[in-house]
> 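Could you have a look at this structure, given as C-alpha cells, before my questions?
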There are 2 protein chains.
Amino acid sequence: MEKYRQLNIKLTPQRLAILRYLEGNKEHPSAERIYKSVQKEFPTMSFATVYNTLEALKNIGNVQELKIDPSKKRYDPDMSNHHHLICKKCKSILDVYKDFKISLPDDLAGGFDILGNNIEFYGICEKCR
Amino acid sequence: MEKYRQLNIKLTPQRLAILRYLEGNKEHPSAERIYKSVQKEFPTMSFATVYNTLEALKNIGNVQELKIDPSKKRYDPDMSNHHHLICKKCKSILDVYKDFKISLPDDLAGGFDILGNNIEFYGICEKCR
DNA sequence: CTATCTGCAAACGTTTTGCATCTGT
DNA sequence: ACAGATGCAAAACGTTTGCAGATAG
C-alpha cells in the first residue's frame with residue numbers, strides 16, 4: 001500500500017489487487033488473464049476496471065502495452081529496457097535483458113528523431129524442439 | 001497473371017486484384033484498406049475473401065502479418081529482411097533496410113534456437129517535430 | 001465534499017465462421 | 001468434376017463507452 005502511494009493515482013482496493021498481481025510478473029499477461037486472477041479476490045471485478053487501471057498505469061509509466069501478440073494486447077510491468085524472445089510454435093515469451101546499442105544511420109532514418117528501439121527475437125524454445 | 005502462377009494457389013480475379021494491390025506496396029495496409037481499394041474493382045468483394053486471401057498468401061510466405069499496430073493487423077508484401085521505424089505521434093511507418101546482425105549470447109537465449117529478429121525503431125518524424 | 005473510480009451492459013471495430021453458390025484448374 | 005473460393009450475414013472476440021452509484025483523498 002505504502003509503496004504504491006507514490007504513484008499518485010487513486011488507490012482503490014481493485015487497483016491495489018491489480019498492482020499486486022502485476023508486481024514482478026513476467027508472464028506478459030493479457031487483460032483477461034489479469035481480470036481472471038483479480039476476480040478471485042473481487043468477484044464483482046469488471047473488465048472496465050481492468051482496462052481503466054491499465055490505462056492509468058500506462059499513463060504514469062508503470063506498465064507498458066506489448067505488441068507481441070497480434071490477437072490481443074499484453075501488458076508488462078517491467079519498464080526496464082528489455083527485449084523479447086518468442087517461440088514460433090508455443091508463443092512462450094522470454095525476457096532478454098541486454099542493451100544492444102543499435103544505432104540507425106542518418107541516411108536510413110528518413111529525418112526521424114530516433115528515440116529508441118525494441119527487438120523481437122523469434123525462434124524455437126527447448127520444449128518445442 | 002503469369003508471374004503469379006508460380007504461387008501455386010488458385011488464382012481468382014479477386015485474388016489477382018489483391019496481389020496487384022499489394023505488389024510493391026509500402027503502406028503496410030490493414031485488411032480494411034485492402035478491402036476498400038479492391039472493392040472499387042469488385043463491388044461484391046467481401047472481407048471474408050480479403051482475409052482468406054491474406055491467410056493463403058501468409059501460408060505460402062508471400063505476405064507477412066505485422067504487429068506494429070495494436071488495434072488491427074497490418075500486412076506487408078515485402079518479405080525481405082527489414083525493420084520498421086514508427087512515428088510515436090502520427091504512427092507513420094518507414095521501412096528500414098539494414099541487417100543489424102544482432103546475435104543473442106547463449107546465456108540469454110534460454111535454450112531457444114534463434115531464427116531471427118525484428119526491430120521496431122520508434123521516434124518522431126520530420127512532419128511531427 | 002467532490003473528483004474520480006467501479007460495475008454493469010450495451011456498443012464498437014476487427015476478425016472469423018457457416019453455408020449455399022460459384023469457379024479455376 | 002470437384003476441391004476449393006466467393007459473398008453474405010451472423011457470430012465471436014477484444015476493447016471501449018455511458019452512466020448511476022460508490023469511494024478515496
Side-chain angles (χ1 to χ4, degrees), chain A residues 1-21 28-60 62-76 91, chain B residues 1-21 28-60 62-76 91:
Chain A
M1 181 85 188
E2 276 318 313
K3 70 206 295 189
Y4 294 126
R5 190 138 279 151
Q6 62 187 74
L7 297 177
N8 286 321
I9 56 167
K10 240 189 199 182
L11 288 179
T12 65
Q14 293 87 336
R15 287 182 166 190
L16 279 169
I18 293 173
L19 280 164
R20 276 194 292 265
Y21 176 70
H28 316 86
S30 64
E32 186 174 23
R33 195 133 177 43
I34 297 168
Y35 170 74
K36 283 207 172 128
S37 170
V38 181
Q39 202 195 22
K40 287 169 196 155
E41 197 177 336
F42 288 91
T44 62
M45 168 72 55
S46 74
F47 268 103
T49 298
V50 173
Y51 282 111
N52 163 333
T53 300
L54 288 168
E55 184 64 25
L57 295 177
K58 256 195 299 180
N59 288 339
I60 61 174
N62 191 262
V63 152
Q64 63 179 130
E65 203 176 281
L66 302 181
K67 295 189 266 190
I68 279 175
D69 186 339
S71 66
K72 61 175 83 79
K73 292 174 181 169
R74 301 285 211 106
Y75 298 89
D76 195 343
K91 311 298 177 199
Chain B
M1 180 83 191
E2 277 315 314
K3 69 207 294 190
Y4 295 125
R5 190 139 278 153
Q6 61 187 74
L7 297 177
N8 286 319
I9 56 167
K10 237 188 201 183
L11 288 180
T12 65
Q14 293 88 336
R15 287 183 166 188
L16 280 169
I18 293 171
L19 279 164
R20 277 194 292 263
Y21 176 71
H28 317 85
S30 65
E32 186 174 24
R33 193 134 178 44
I34 297 168
Y35 170 73
K36 283 207 172 126
S37 170
V38 181
Q39 202 196 21
K40 287 170 197 155
E41 197 176 338
F42 288 91
T44 63
M45 168 72 56
S46 74
F47 268 104
T49 297
V50 173
Y51 281 111
N52 165 335
T53 300
L54 288 168
E55 183 64 25
L57 296 178
K58 257 195 300 178
N59 288 339
I60 61 175
N62 189 262
V63 153
Q64 62 179 130
E65 202 176 281
L66 302 181
K67 297 188 264 189
I68 280 175
D69 186 339
S71 67
K72 60 174 83 77
K73 292 175 182 169
R74 302 283 212 105
Y75 298 88
D76 194 342
K91 312 297 179 201

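A, B, ... follow the sequence lines: proteins, then strands. Residue 1 opens every chain. All figures in this text were calculated on a predicted structure; none of them were measured in a lab.
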> Does any N or O in the side chain of R74(B) come within less than 3.5 Å of the main-chain N or O of H28(B), such that one atom is a donor and the other an acceptor?
yes

> Sequence neighbours left out, what pairs pass salt bridge (Lys or Arg N to Asp or Glu O under 4.0 Å) with at least one residue falling in residues 39-54 of chain A?
R20(A)-E41(A)

> Scan T12(A), V38(A), N52(A) and name whichever one has a side chain to side chain contact (heavy atoms under 4.5 Å, CB included) with I18(A).
V38(A)

> Round to a whole Å and report the spacing from CD1 of I9(A) to P of dT23(D).
18 Å

> Side chain of Q14(A), heavy atoms from C-beta onward: which of dT4(C), dG14(D), dT6(C) has the nearest atom to it?
dT6(C)

> Under the ring-ring contact (aromatic ring centres under 6.0 Å, His included) rule, collect the residues that match up with Y75(A), sequence neighbours excluded.
none

> Through what angle, rounded to 10 degrees, does the axis of the helix from dC1(C)-dG25(D) to dT25(C)-dA1(D) turn between its ends, using five pairs per end?
50°

> Does a side-chain N or O of T12(B) approach OP1 or OP2 of dT6(D) to a distance below 4.0 Å, or not?
yes

> Excluding sequence neighbours, so at least two apart, what forms side-chain contact (heavy atoms from CB on, under 4.5 Å) with K36(B)?
E32(B)

> Assign each of R15(B) and R74(A) to its nearest nucleotide of DNA chain D by heavy atoms, then name whichever residue's nucleotide is nearer the 5' end.
R15(B)

> Atom CG of D69(B) to atom P of dG14(D): distance rounded to whole Å?
18 Å

> Who pairs with R15(B) by salt bridge (Lys or Arg N to Asp or Glu O under 4.0 Å), at least two apart in sequence or on another chain?
none

> Check every atom of dG4(D), dG14(D), dT6(C) against the side chain of K72(A) and return the nucleotide holding the closest atom.
dG14(D)

> Output the rounded distance in Å from CG (N8(B)) to P (dA5(D)).
13 Å

> Kindly write out the residues that satisfy salt bridge (Lys or Arg N to Asp or Glu O under 4.0 Å) with K58(A), not counting sequence neighbours, or none if the list is empty.
E55(A), E65(A)

> With respect to the side chain of N52(B), which nucleotide from dT14(C), dT6(D), dT15(D) is positioned closest?
dT6(D)

> Can you tell me how far P of dT6(D) sits from CG of L11(B), to the nearest Å?
10 Å

> Send over the distance from K73(A) NZ to dT15(C) P, rounded to a whole Å.
13 Å

> Measure the distance from CD1 on I18(A) to P on dC5(C) and round it to the nearest whole Å.
12 Å

> Partners of S71(A) by side-chain contact (heavy atoms from CB on, under 4.5 Å), sequence neighbours excluded?
D69(A)

> Given atom CZ of R33(A) and atom C1' of dT15(D), what is their separation to the nearest angstrom?
19 Å

> Please list, chain by chain and in numerical order, all residues satisfying ring-ring contact (aromatic ring centres under 6.0 Å, His included) with Y21(A), sequence neighbours excluded.
none

> Atom NZ of K67(A) and atom P of dT15(D): how far apart are they, to the nearest Å?
15 Å

> Looking across every strand, which nucleic acid part, if any, lies under 4.0 Å from S71(A) by heavy atom: base, sugar-phosphate, or nothing?
sugar-phosphate

> Near DNA chain D, which residues from residues 40-51 of chain B have a heavy atom under 4.0 Å away?
T44(B), M45(B), S46(B), A48(B), T49(B)

